[in-house]
Amino acid sequence: MHPAKWTWNNIDRMRRQLRSMGAMFDWDREMVSCDPDYYQWTEWLFRRFFEGDIAYRGEAIVNWSPTLETVLANEQVIDGKDERTGQPVIQKKMKQWFFAITDYADELLDFSGIDWPEPVKAMQTNWIGRSEGAEVVFTTHSGDEIPVFTTRPDTLWGATFMVLAPEHPLVDTLTDPTHRAAVDEYRTAAAAQSELERMEADREKTGVFTGGYAINPVNGEDIPVWIADYVLLSYGSGAIMAVPAHDERDFAFARQFELSVVPVIRPEGAPPLDGATMTEAYVGPGTMVDSGPINGVPTTDAKGRANPSVAAAIDWLEEHDAGVEAVNYRMRDWLISRQRYWGTPIPMIYRQDGSIEPAQDLPVLLPEASTFTGGPSPLATDEAFLATTDSDSNPARRESDTMDTFMCSSWYPYRYLSPHHESAPFDPEEAAYWLPIDTYTGGAEHATMHLLYTRFFTKAMRDLNVFDDTIRLMEEHDRDPEGLFDEPMMQLRNQGQILGEERPGDRLVVAGAWNDGRFVAESVRVDDHAPEDAAPVVGELIRRTERTLQVATADGTVTVEVPNEAEVDVPGIDGINDVTQLRHHLEVQRMSKSKGNVVNPDELVERYGADTVRLYLMFAFDWEKGGPWDSRGIAGARRFVDDVWKIGTTEYLPGDATDDASLSLRRSAHQTIDKVDRDMSAFKWNTAVAALMTLRNDLLEARRTTAVSLEAWNEAVDTLLILLAPIAPHITEELWSRRGHDESVHLHAWPQADPDIAADQTVTLVVQINGKVRDRIDVDPNIDEDAAVTAAMGTERIKEWLATGEVRKVIARPPNLVNIVVS
RNA sequence: GCCCGGGUGGCGAAACAGGUAGACGCGGCGGUCUUAAACACCGCUGUCCCGCAGGGGCGUGGGGGUUCGAGUCCCUCCCCGGGCACCA
C-alpha cells in the first residue's frame, strides 16, 4: 500500500477514535506533518539550520539497519538493535546530514526553570553523558600526535601503555612491519563483528600490539601502543592512555597480556599497592605517589576539578603545554538523513562543481511514487525529482535522502499556533500570546528522542532569530519575553502505560505418549477441575506456538506436540475444536497485537459508553504510573455513571428536611470542590474521581432520607455535574440541560469552594497513651490546648489507662491529637 | 556496575506539612427482592487472639536509629520496574 494512503487512513481512524472518546481538541488547529502545508516549513527550518551552521554534511560511522535499508540515529538503536524491528544494526561509514546538537550539550543539561519529571531529566543527563577531565597529547616515535581524553589526568604517571580503537586512523603508520599481519587480522575481525557482539558483557579482553611506541608527556617514558576493541572510535578521540592500576578495564587487559601495572595512588590508612600482586584495580580515594610534581596530593571520589589530584594534574599539564582541561560528551551529533521515500525531502542541491547549496524553491515536494519494492528509496532513481538547476541556472542534482521523522515532531507545537499561516512557520501574534507551552504530557520513552530534540530545536530556533518577531510583539503587548524561548515546555508530566490484563490459561488434560523428551498428544481436553493424575500431563497452558504447547504441570513445564489427528476438546466451544481455541496464560505486560492482550478502546466505548471508559481510565490508575487493565473494575465506573444519571434525573422532594442534614450535604459539596481542584492540578485524577464518588454517596443518602432542603440538593447536584464534566462530558451535558440550564455545562464557571461552608463542625480528637490510639472524641475544631487536654483526660477509657501509671508528659496538638505519656 | 522510580489488605489504590494507616473502587461474605439466575438495594470485610460483651496483640519489603509519636525523616540490606553501560 502507498504510505500516503496508509498514513491518511490511520489519521482518519485515530480522529474517529478520539472523537468517540469525547476528546476535546480545538480541531481548527489540526495539522498533518506529512502534508506539504506542514513539511514545507520543516524544510524551511532545515535551510535555516544549514545557513546557521547547525545542519552540516559529515562523514561518520553510522548505524545501518539492513532490514529497513536506512541509517538510524544513535537514539533509535537499543542494545545494538533497531528499536522498531529489533533486528541487528551494522556499522557503515557514510556521508550524511547531521545537526550539531552537541553544541547545545551544556545548555541541555540545565533544567533550571522547568518543571519536568526527575526520571526524564536523569535520562537526558545520562544520555548526554558529560565527563570532565583533560586532553593529553602523546607523541609517537614517528612524530604523530595522539590526543587522548581522560577523566583521570592525575594518574598519568601510572600510564603503562596506550590502546587505540582498531579503526583509528593512526594504526597504519604506527604498526611495525613485524606486527603488520597480526594487526591487519585483528582489524578485519573487529570490523566483521556487529556492535552487538562487541558490547557483550564480561567478554575476555582481546587486542594486539602494534609494535609502535608513544612518549608519555609527563615523564618522557616510552609506552607500547596496542589496539583493542574495548576502545571505541566513537567516544573521545578513539584512543586511551591505560592506567591498569586504577582502571578495571585496563587492569583486565594488562593481566591478559602481561603488561606492567604501576600504582600511583596509595589508599588511605593502608599499605602501598604492589603492581605485581594486585588482584583488581584500585579506584578509591587516597594519596598520589610516584607521580612527580603531584606527589602527596590527596585524591577523592569527586569528579573533575573537584578532586584535588585532578585539579593539580590539569594545572601542571597546562603549565607545561602537555595538555588542557577538557570536557567530553557521550552524545553525538544528531544524524537526520534517512534513505527512505516517505519523509520530508532534505532541501539541498549538489552543484556540478561538487559544492552544496540549499534549494531556493521551497517546498521541495515529494513526488508521487508508484512502486514500492521494499528496496532502496524510489527517490534515489527518480530522474524527474533529482534533476534540477542551481542558483546559477546550471544543471544540478537534488539530495535524495529524506529527514528523520523526529524532525517533524521537534517543532510541531509551534505549527499548532497557526496551522494555516502562509508566510512563516507560525504566526508571531499567536506565538506572543501562547508561548511557551505551559503543560505537555507524553510517555517517558520519548526522553532521549522527541523531548530532547524538541528542547534542542527551540534553543536553535532562538539562536537563529526565528522568534524575533514574536519577541517584538510580546514587548508591544507588555509581556516580558526574557527567557521564554530557552525551553519549549515549562511543565512536563509522563502518563503511565496501561498494561495487558493477566489471564490464567486453560487447564489441560493431555493423553498421549512420551517421545524423545516431548509429549505427543493423542487427545487434549480442557477441564478446570481435573486432578493432577487424570492423565500423564495435566496443567495450565502457558504458551502455544503453532501446534506446540507449553504446559505447566506439578513437575515443571512440559512441551506437548499436538499432531493434526489428535483430538481437541474445549467444552465451552461447540463443534469440532482445534488447538487455536485453547486459551494460554497472559502475563501482565505491554499491550501488543502479537501477544493478543490488546483491549480495544472502540469495543469498550461500544459496550460501556465513552464516559464510563474515560472515568475508569482516570480512576483505576495513578495516571503517572499506569498498570494492568482490570476488566471487572470497569463495572464500578459504570455503576457510578448510572448513579449520576439517577441523581441528575431525580425530581427531588424534601421530606422532613433538617438544617443539620442540609448543611452536611452542602459541606460535602464544598469539600469536594476543594479536593477536586487540588487533585486535578496535581494530575491526581484517581483521587478527584474518588472525591466525586463520595459526593455521589452523600447524594444517594440524601435522596433516600429526603432530609435535605431543595436548595442544598440542587447545589450539590449542580456541583457534581460541573466537577464531573471534564471527565464524563456527555452525561453531564445531557443532565445539565435536562435540569433546565441553557448554556453548556462545559462553558459554566468552575465552582468556588466557600471555606465557611466547607469547614468541619466537629473533628475527631485522637487520644493516645504512649503513642497508641486509646480513644477518640468529637470536639470543636477551634478547641484550645487546655480544653483539649481536659477533654482527653476525662473519658472513661482514658481514666482507666491513666490509673496504670504516672503521667510524665502531655503533648497536645489541638484539635486532632492529645498524646499522654504514662509510665 | 552506575543513575532514576517503586515495594501499603485478596486486587487497583488513598494518606496535605512527622499526628486516626487502608479514603474511593473491585472482589468476597451475609441479607432483601426474585420460581431461579442476573441486575438492584442494605450490611460486613487488614490480620491474629480472648470473648457474652467492653477489648487486646500484630501490621505499610527486612533490620537498626531519631522522636512523645514514623508508611512519611536518617542508616543499612533485599526485591521489582525503567534508563545507561568496555564511555576512558
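Letters go in sequence order (proteins before strands), and every chain restarts at 1.
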Under 3.5 Å, N/O pairs linking protein and nucleotides 2-4 of chain B:
residue	atom	partner	partner atom	Å
C4(B)	O2'	Pro119(A)	N	3.4

### Message
If I take atom CZ in residue Arg332(A) and atom P in nucleotide C84(B), what distance separates them, rounded to the nearest angstrom?
### Response
16 Å

### Task
Could you work out the separation of G30(B) and G12(B) based on their C1' atoms and round it to a whole Å?
25 Å

### Message
Quick one about Ser309(A) and Asp154(A) (side-chain donor to acceptor, distance below 3.5 Å, no hydrogens or angles considered), yes or no?
### Response
yes

## Note on the structure
Taking a pair to mean Watson-Crick or G-U wobble geometry with both distances below 3.5 Å, G9(B) pairs with none

#### Entry: Tyr230(A)-Asp250(A) side chain donor-acceptor pair, cut-off 3.5 Å
yes

## Note on the structure
Scanning all shown strands, the Watson-Crick or wobble mate of G22(B) with both distances under 3.5 Å is none

### Taking every non-hydrogen atom, the tightest pair across Met693(A) and Gly636(A)
CE-O, 4.5 Å

### Message
Whether Arg130(A) and Glu132(A) form a salt bridge (side-chain N of Lys/Arg under 4.0 Å from carboxylate O of Asp/Glu) is what I want to check.
### Response
yes

### Query
Is the gap between the ring centers of Trp685(A) and Phe619(A) under 6.0 Å?
no

### Task
Answer with base, sugar-phosphate or nothing: what part of the nucleic acid does Arg638(A) contact at a heavy-atom distance below 4.0 Å?
nothing

### Summary
Assigned chi class of G9(B) under the 90° convention is syn

### Message
Only pairs with both distances under 3.5 Å count, Watson-Crick or wobble alike; so what is the partner of U66(B) in this structure?
### Response
none

### Message
Taking any heavy-atom pair under 4.0 Å as a contact, classify Thr448(A): base, sugar-phosphate, or nothing.
### Response
nothing

### Message
For the P atoms, the ones on U72(B) and on C33(B), what distance do you get once it is rounded to whole angstrom?
### Response
49 Å

### Query
Just how far, in rounded Å, is C1' of G81(B) from CG of Asn494(A)?
14 Å

### Residue mapping more 5' on RNA chain B - nearest nucleotide basis, Ile240(A) or Val821(A)
Val821(A)

### Task
Starting from C1' on G55(B), measure out to CD1 on Ile798(A) and report it in whole angstrom.
14 Å

### Whole-Å distance separating the CG atom of Leu451(A) from the P atom of G83(B)
15 Å

### Query
Is the NZ or CZ atom of Lys205(A) positioned over Phe257(A)'s six-membered ring, under 6.0 angstrom from the centre and within 45° of the axis?
no

### Nearest atoms (heavy-atom pairs only) where Ser131(A) meets Tyr235(A)
OG-OH, 2.9 Å

### Message
Are Trp127(A) and Tyr329(A) an aromatic pair, judged by ring center distance below 6.0 Å?
### Response
no

### Query
Looking only at atom C1', what distance separates U60(B) and G46(B), rounded to whole Å?
11 Å

### Query
Considering every strand shown, what is the Watson-Crick or G-U wobble mate of A40(B) when both distances are under 3.5 Å?
U32(B)

### Query
Rounded to the Å, how far apart are Leu499(A) CG and C80(B) C1'?
13 Å

### Query
Regarding Arg493(A) and the six-membered ring of Trp623(A), is the cationic atom NZ or CZ under 6.0 Å from the ring centre and inside 45° of its axis?
no

### Query
Phosphate oxygens OP1/OP2 of A85(B): is one of them under 4.0 Å from a side-chain N or O of Arg330(A)?
yes

### Query
Can a salt bridge be assigned to the pair Glu118(A) and Lys121(A) using a cut-off of 4.0 Å between side-chain N and carboxylate O?
yes

### Query
When the C1' atoms of C79(B) and C24(B) are considered, how many whole Å apart are they?
29 Å

### Message
Do the side chains of Arg638(A) and Asp642(A) get close enough for a salt bridge, i.e. N-O under 4.0 angstrom?
### Response
yes

#### Entry: Lys799(A)/Glu796(A) salt bridge by N-O under 4.0 Å criterion
yes

### Query
Taking the P atom of each, how far is C73(B) from G1(B), in whole Å?
26 Å

### Query
Are any of Arg130(A)'s side-chain N or O atoms less than 4.0 Å away from OP1 or OP2 of C87(B)?
no

### Query
Between G1(B) atom P and Glu280(A) atom CD, what is the distance in whole Å?
13 Å

### Summary
B/S/- along nucleotides 6-30 of chain B (protein heavy atoms under 4.0 Å) is ------BSS----BBS-BBSSS---

### Task
Taking atom C1' in both C87(B) and A15(B), compute the distance separating them and give it to the nearest angstrom.
44 Å

### Query
Where the side chain of Met123(A) is defined as all heavy atoms beyond and including C-beta, which of A88(B), G83(B), C41(B) is the nearest nucleotide?
G83(B)

### Message
Heavy-atom nearest nucleotide on RNA chain B for Ser131(A) versus Lys772(A): which residue maps closer to 5'?
### Response
Lys772(A)

### Message
Need the pair for A85(B). Rule: Watson-Crick or G-U wobble, both distances under 3.5 Å, any strand; none if unpaired.
### Response
none

### Query
Roughly, in whole Å, what's the span from NZ in Lys121(A) to C1' in C84(B)?
18 Å

### Task
Send over the distance from Ile146(A) CD1 to A88(B) C1', rounded to a whole Å.
15 Å

### P spacing across the pair U67(B) / A53(B), given as an integer number of angstrom
42 Å

### Query
Base, sugar-phosphate, or nothing for Trp801(A), non-hydrogen atoms under 4.0 angstrom?
sugar-phosphate

## Note on the structure
Pairing partner of G27(B), by Watson-Crick or G-U wobble and under 3.5 Å for both distances, is U45(B)

### Query
Who does C16(B) pair with, Watson-Crick or G-U, both distances under 3.5 Å?
none

### Query
In whole Å, what separates the P atom of G5(B) from that of C11(B)?
26 Å

